Participant: 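Below is one structure. I have some questions about it.
Residue numbers start at 1 and run along the sequence shown. Nothing here was measured: the structure is a model prediction, and the numbers come from that model.
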Amino acid sequence: MLDTTDELLVEVDRLNDELAGKDAELDNLHQQLQEEKERSQALEMKMAEMSKLSAGVAKKASQEELLKALRIFVNKSKHKRIDKRIAVKEMVLEMAMANSVIFPEDLAATIDSLDDEQPETKVVNVAAGGINVQQANVVNR
């Protein structure tokens, strides 16, 4: 019985040592898990920031392209008849509101003055001297 008790005590000591080793390994794994969670959280935060940044850049780029296209369209529309200029102004303003576009100051002024009355161009031809006299609108760009 003493021999069996001694064997059991040796077995209990061995199992206690093994348990202590497993506890240390478990603590180490918990620490690694916590570090990985923190690293993952930091990467997710960076990825979210990059996503917001890239979305902002894409939005800004598309707005810049839209502004460029609208600027060209408005500048070409300055030379159209008043009824077409009024329609262009309404269309451009609606498009800007739909896309939440904010116009630069110069483009806003151009769009605002798009439906203003402009004197018609007068052409006088003098046949004898071959002289053409034109009174035209001068548009500041």
Side-chain angles (χ1 to χ4, degrees), residues 2-141:
L2 284 176
D3 288 338
T4 305
T5 304
D6 287 338
E7 288 175 10
L8 287 175
L9 287 175
V10 168
E11 181 68 17
V12 167
D13 288 340
R14 186 188 63 78
L15 289 174
N16 281 335
D17 291 342
E18 188 178 326
L19 180 61
K22 295 291 181 182
D23 283 344
E25 184 180 346
L26 183 61
D27 288 341
N28 186 23
L29 290 173
H30 277 296
Q31 183 179 357
Q32 288 178 3
L33 178 63
Q34 186 63 31
E35 290 171 0
E36 288 298 321
K37 283 182 179 179
E38 290 171 3
R39 200 171 308 142
S40 174
Q41 189 177 24
L43 287 174
E44 285 178 12
M45 186 178 0
K46 285 181 183 179
M47 190 165 60
E49 289 173 4
M50 290 298 288
S51 176
K52 288 178 187 177
L53 180 64
S54 63
V57 168
K59 183 177 180 182
K60 184 173 182 174
S62 65
Q63 281 190 356
E64 287 176 2
E65 291 171 8
L66 179 62
L67 283 174
K68 181 179 178 184
L70 289 175
R71 184 180 305 276
I72 292 169
F73 183 63
V74 167
N75 285 336
K76 287 187 178 190
S77 297
K78 286 188 222 178
H79 307 291
K80 297 186 183 287
R81 291 187 321 245
I82 185 70
D83 57 330
K84 288 187 178 181
R85 290 194 319 263
I86 291 171
V88 166
K89 179 179 179 179
E90 290 175 6
M91 189 239 359
V92 167
L93 291 175
E94 286 179 19
M95 187 182 301
M97 285 190 343
N99 290 297
S100 301
V101 174
I102 299 174
F103 294 121
E105 219 174 281
D106 62 326
L107 182 57
T110 303
I111 292 170
D112 190 44
S113 66
L114 198 59
D115 60 352
D116 294 347
E117 285 288 331
Q118 297 177 353
E120 303 228 357
T121 302
K122 296 180 183 179
V123 178
V124 177
N125 290 324
V126 178
I131 299 172
N132 288 335
V133 178
Q134 295 184 352
Q135 177 184 0
N137 296 332
V138 177
V139 180
N140 293 332
R141 291 182 184 209

Participant: Under the rule for salt bridge (Lys or Arg N to Asp or Glu O under 4.0 Å), what residues qualify as partners of Glu11, not counting sequence neighbours?
Facilitator: Arg14
Participant: Do Leu66 and Met95 have side chains that get closer than 4.5 Å, going by heavy atoms?
Facilitator: yes
Participant: Taking side-chain contact (heavy atoms from CB on, under 4.5 Å) as the definition, give me every residue that meets it alongside Lys84, ordered by chain and number, with sequence neighbours left out.
Facilitator: Lys80, Arg81
Participant: With rounding to the nearest 0.5 angstrom, report the CG to CG distance, Leu70 to Asn75.
Facilitator: 11.0 Å
Participant: Drop me the distance from Lys78's NZ to Asp116's CG, to the nearest 0.5 angstrom.
Facilitator: 11.5 Å
Participant: What distance separates Leu8 CG from Asp13 CG, expressed to the nearest 0.5 Å?
Facilitator: 11.0 Å
Participant: State whether the number of non-hydrogen atoms from other residues, nucleotides or ligands found under 6.0 Å of Leu15 atom CG is greater than 12.
Facilitator: yes
Participant: Return the set of residues passing side-chain contact (heavy atoms from CB on, under 4.5 Å) with Leu29 (not counting sequence neighbours), or none when no residue passes.
Facilitator: Glu25, Gln32
Participant: Taking side-chain contact (heavy atoms from CB on, under 4.5 Å) as the definition, give me every residue that meets it alongside Ile72, ordered by chain and number, with sequence neighbours left out.
Facilitator: Lys68, Lys76
Participant: Enumerate the salt bridge (Lys or Arg N to Asp or Glu O under 4.0 Å) contacts for residues 86-107, please, sequence neighbours excluded, ordered by first and then second residue.
Facilitator: Arg71-Asp106, Lys89-Asp112, Lys89-Asp115
Participant: For the atom pair CD (Glu18) and CG (Asp23), what is the distance rounded to the nearest 0.5 Å?
Facilitator: 11.0 Å
Participant: Starting at OG of Ser113, measure out to CZ of Arg85 and round the result to the nearest 0.5 Å.
Facilitator: 9.0 Å
Participant: Taking only residues two or more places apart in sequence, or in another chain, which ones meet Glu35 in a side-chain contact (heavy atoms from CB on, under 4.5 Å)?
Facilitator: Gln31, Arg39
Participant: Please name the pair of heavy atoms, one in Leu107 and one in Leu67, separated by the smallest distance, quoted to 0.1 Å.
Facilitator: CD2-CD2, 4.0 Å
